[in-house]
Amino acid sequence: IVRDGRWDWKAAGPLRRVRGTRLGIVGFGRIGRALAERGLALGFEVWASDPAIPADDIAAAGVRPASLPELLESCDAVSLHLPLMPETAGLLGEEELARMPAGAVLVDTARAELVDLDALLDALAGGRRGGAALDVLGVEPPTADDPAPRASRLVVTPHAAWYSAEAEEAVYRRPVLSVRAVLEGREPDGAVNRP
């Protein structure tokens, strides 16, 4: 709009303050917890849903534990941080997306198959969703036969939300440090599977 020579501070639609906005995190592993810490620091009211994490552990992090339906119905922004497993495939379809409040946004940086893309595109076209951001697609990179989705209020990035020079270094460093810890008889940092 500004590039077109118009100056309209209402062009983005209604904006809300971060403080007090409800951020729902689906999947409270390492990445979900890191997002929660940042959200809390910025003043978000953070909720989380993860059937593998006890509610007391979620609450101990200063986050409100919630069932997935409760989180979807109550949060202004929902961010997915789950692995793809038979139980999580198609986690958010038409019914789940319809539970979200009008204007709510969805962010998927985890796995494309967690969300029914057609249902999401329909929800965006219907105007109830405030927006969506996808860092993961079913086919990466997109092809002529399977192009990246396009919709108003949809941001698609090239599976790069994880990237920074430090993160790239950690991709190589962490496994080496984990193997070293095991060889030295210690538990690796961030271990999720224990004997």
Common cluster, Y163/V171, ILVMFWY with side-chain heavy-atom separation under 4.5 Å: yes
From CA spacing to verdict: side-chain contact (heavy atoms from CB on, under 4.5 Å), R180, V176: CA-CA 6 Å; R180 179 179 171 185; V176 171; 5.6 Å; no
At their closest point, which heavy atom of [X] faces which heavy atom of [Y], and how far apart are they?
| X | Y | result |
| --- | --- | --- |
| P175 | A170 | CD-O, 3.9 Å |
| G93 | A119 | C-CB, 4.0 Å |
| P83 | R111 | C-CG, 4.5 Å |
| G138 | A112 | N-CB, 3.4 Å |

Heavy-atom donor-acceptor pair, D116 side chain to D118 backbone, under 3.5 Å: yes
Sidechain-backbone polar pair: S49 side chain, A66 backbone, donor-acceptor under 3.5 Å: yes
May I have all residue pairs that pass side chain to side chain donor-acceptor pair (under 3.5 Å) and include part of [range], sequence neighbours excluded?
| range | result |
| --- | --- |
| residues 50-69 | R64-E70 |
| residues 119-136 | D135-T157 |
| residues 72-96 | R16-D76, E73-R99, S79-H81 |

Within 6.0 Å of CG in D8, more than 12 heavy atoms from elsewhere: yes
Whether over 12 other heavy atoms sit under 6.0 Å from R153 CZ: yes
Other ILVMFWY residues reachable from L68 by side-chain steps of under 4.5 Å: V26, W47, L71, L72, V78, L80, L82, L84, L91, L92, L97, M100, L106, L114, V115, L117, L120, L121, L124, L134, L137, L154, V156
Side-chain cluster (under 4.5 Å, hydrophobic types only) that V46 belongs to, other residues: V18, L23, I25, F28, L35, L40, L42, F44, I53, I58, V63
All N/O donor-acceptor pairs, side-chain side in residues 141-148, below 3.5 Å, sequence neighbours left out:
unit_1	atom_1	unit_2	atom_2	d
T143	OG1	D145	N	3.3
T143	OG1	D146	N	2.9

Salt bridge present between E184 and R186 (N-O < 4.0 angstrom): yes
